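Take a look at the structure below.
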Amino acid sequence: MNTTTDPAAKYTEETVIDVHYWTDSLLSFRLTRPSAYRFMPGQYSRLGLPDERGQLVWRAFSVVSAPHEDWLEYYGVVVTGGEFTEHLRLLAPADRMSVDKHAFGFMTADRFTDGDTLWMLATGTGLGPYVSMLRDAAVWSRFKRLVLVHGARHVAELSYTTELRALEAASGGSLRLLQAVTRDPPASLPAGVLHGRITTLLQSGELEALAGASVGPDSARVMLCGNPAMIEETRALLHARGMRPVRRATSGHFITENYW
Ligand SMILES: Cc1cc2nc3c(=O)[nH]c(=O)nc-3n(C[C@H](O)[C@H](O)[C@H](O)COP(=O)(O)OP(=O)(O)OC[C@H]3O[C@@H](n4cnc5c(N)ncnc54)[C@H](O)[C@@H]3O)c2cc1C
Ligand SMILES: NC(=O)c1ccc[n+]([C@@H]2O[C@H](COP(=O)([O-])OP(=O)(O)OC[C@H]3O[C@@H](n4cnc5c(N)ncnc54)[C@H](OP(=O)(O)O)[C@@H]3O)[C@@H](O)[C@H]2O)c1
């Protein structure tokens, strides 16, 4: 059940309806959705939790659920000592969380005016907004091909794999999921999981070879989400290939979302 704190307030108070821990420090959780809450896949919410003095601490969290779903889903990592996320360690159904009434952000597929292959590159929890996009119909009809690349430290941190592999299998070849880990020994990886950073695998041409699609200005449009160092380094690689960022008034080839 939702509780709208006050019609004039900037936020509503919502209820946790489900919590799923992928690892000790990675979780997905669902909140009740305010009936008036509108967002586009790729956008983020501002979530609030009280600190010891009862003051709300606000943090940005990308929405993982699709716009047609009745709840709001988020995917988070517990940062050791983190003011907000340490509270997520013990999150349980019936807990309360505040949600700003507005959704924010510009990493949405409608900002690309052309291109036929969408590359979605994520490190860690940067995967979340792409899950929302793939749960929604719009991105599937807008692009001929979708390539999702998820980089994580460990295989255990490749969350949402079952759902994403099922979407890939049902896509008739239009979705390719590429996963890469950096801190497990290469010999220990399950079939199909790559070893190395996204940046290294992009530079070497391995991602493009596996996807059967190139990353260049003619047909590729790229989203980058997660670790700011990954985004900075990938941005330089894309610039070197003649690609430029989407700006408010001008079309471009890539959009970025830094998580910190
Ligand atoms: C637009 C936007 C969307 C975001 N969406 C998500 C999301 O969907 N899921 C999510 O977990 N976080 C997301 N974040 C990060 C989130 O807002 C908080 O910064 C994070 O939850 C840590 O808050 P904290 O108070 O616990 O830690 P803080 O005390 O604020 O510590 C911040 C430090 O933790 C590290 N850090 C922060 N976020 C992450 C992360 N996601 N992965 C790895 N290291 C991190 C960085 O080193 C950072 O300097 C997003 C941030 C932005 C700006
Ligand atoms: N057990 C725990 O408590 C635990 C577990 C996991 C995470 N955390 C916390 O969560 C945060 C880190 O989370 P995370 O692992 O999701 O995010 P992350 O540090 O951003 O790592 C995710 C992936 O991004 C890669 N990466 C980092 N910098 C890159 C760059 N410049 N270019 C390309 N790829 C890059 C990493 O490779 P590299 O491995 O090569 O850096 C890793 O494969 C930390 O604050 C950590 O304390 C805690």
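Excluded from the calculations below are hydrogen atoms, water molecules and symmetry mates; all remaining heavy atoms, backbone and side chain alike, are included. Bear in mind the structure is a predicted one, so any value in this text is a computation, not a measurement. Counting convention: from 1, in listed order, for ligands and their atoms alike.
- Gly226 does not count as a contact of ligand 2, since none of its heavy atoms falls under 4.0 Å from the ligand.
- Residue Glu157 touches ligand 2 through its side chain alone, judged by heavy-atom distances below 4.0 Å.
- Residue nearest to atom 26 (N) of ligand 2, selected from His150, His195, Arg197, Arg153: Arg197 (by heavy-atom distance).
- No donor-acceptor contact under 3.5 angstrom links the side chains of Tyr37 and Thr12, judged on distance only.
- Remark: distances from the non-hydrogen atoms of Asp24 to ligand 2 are all 4.0 Å or more.
- Here the options are Tyr75, Phe84, Tyr44, the test is ring pair (Phe, Tyr, Trp, His ring centres under 6.0 Å), and the partner is Phe61; only Phe84 passes.
- The nearest protein atom to atom 18 (P) of ligand 2, hydrogens excluded, is given as Asn227 ND2, 3.9 Å; this is a heavy-atom distance.
- Considering NZ of Lys101 and CZ of Arg46, their distance stands at 13.5 Å, rounded to 0.5 Å.
- Seen from the ring of Phe106, Arg248 counts as a face-on cation partner, given the 6.0 Å and 45° thresholds.
- Counting the atoms of ligand 2 from 1 in the order shown, those under 4.0 Å from a heavy atom of Gly151 are 23 (C).
- The two atoms that bring Ser174 and Ser171 nearest to each other are OG-O, 3.0 Å, heavy atoms only.
- Of the N and O atoms on the side chains of Thr161 and Gln179, at least one donor lies less than 3.5 Å from an acceptor on the other residue.
- The two atoms that bring Leu49 and Arg96 nearest to each other are CD2-O, 3.8 Å, heavy atoms only.
- Of the heavy atoms in Ala152, only backbone atoms (N, CA, C, O) come closer than 4.0 Å to ligand 2.
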Can His20 and Leu27 be said to form a side chain to side chain contact (heavy atoms under 4.5 Å, CB included), step by step?
-> CA-CA 5 Å; His20 175 79; Leu27 74 160; over 6 Å; no
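- What sits closest to atom 25 (C) of ligand 2 on the protein, heavy atoms only, is Thr123 CG2, 4.1 Å.
- What sits closest to atom 47 (O) of ligand 2 on the protein, heavy atoms only, is Thr80 OG1, 4.3 Å.
- Of all protein heavy atoms, the one closest to atom 9 (C) of ligand 2 is Val78 O, 4.0 Å.
- Taking a 6.0 Å sphere around CG of Asp70, one finds it holds 12 or fewer heavy atoms contributed by other residues, nucleotides or ligands.
- Given atom 38 (P) of ligand 2, the protein heavy atom at minimum distance is Thr182 OG1, 3.5 Å.
- Atoms of ligand 2 found under 4.0 Å from any heavy atom of Val79 (numbered from 1 in listed order, with element): 45 (O).
- The shortest N/O to N/O separation between Glu233 and ligand 2 falls below 3.5 Å.
- Residues Glu73 and Arg135 are paired through a salt bridge, judged by an N-O separation under 4.0 Å between the basic side chain and the carboxylate.
- Among all protein heavy atoms, the one lying closest to atom 10 (O) of ligand 2 is Val77 CG2, 3.5 Å.
- Within 6.0 Å of atom NE2 in His102, 12 or fewer heavy atoms from other residues, nucleotides or ligands are found, so the atom counts as exposed in its surroundings.
- Among protein heavy atoms, atom 16 (O) of ligand 2 sits closest to Gly124 CA, 3.7 Å.
- Ligand 2 is approached by Trp260 to a heavy-atom distance shorter than 4.0 Å.
- Glu208 and Ser214 share no side-chain donor-acceptor pair at under 3.5 Å.
- Here the CZ atom belonging to Phe254 is positioned 10.5 Å from the CD1 atom belonging to Ile231, to the nearest 0.5 angstrom.
- Look at Arg176 and Glu168 and you find a salt bridge, because one of the NZ, NE, NH1 or NH2 atoms lies within 4.0 Å of a carboxylate O, short of that distance.
- Protein residues with any heavy atom under 4.0 Å from ligand 1: Tyr44, Arg59, Ala60, Phe61, Ser62, Tyr75, Gly76, Val77, Val79, Gly82, Glu83, Phe84, Thr85, Thr125, Glu257, Asn258, Tyr259, Trp260.
- The side chain of Ser25, and not its backbone, has at least one atom closer than 4.0 Å to an atom of ligand 2 (non-hydrogen atoms only; side chain from C-beta on).
- The residues Glu69 and Arg33 are annotated as not salt-bridged, no charged nitrogen and carboxylate oxygen being separated by less than 4.0 angstrom.
- Closest to atom 33 (C) of ligand 2, if we only count protein heavy atoms, is Thr199 OG1, 3.3 Å.
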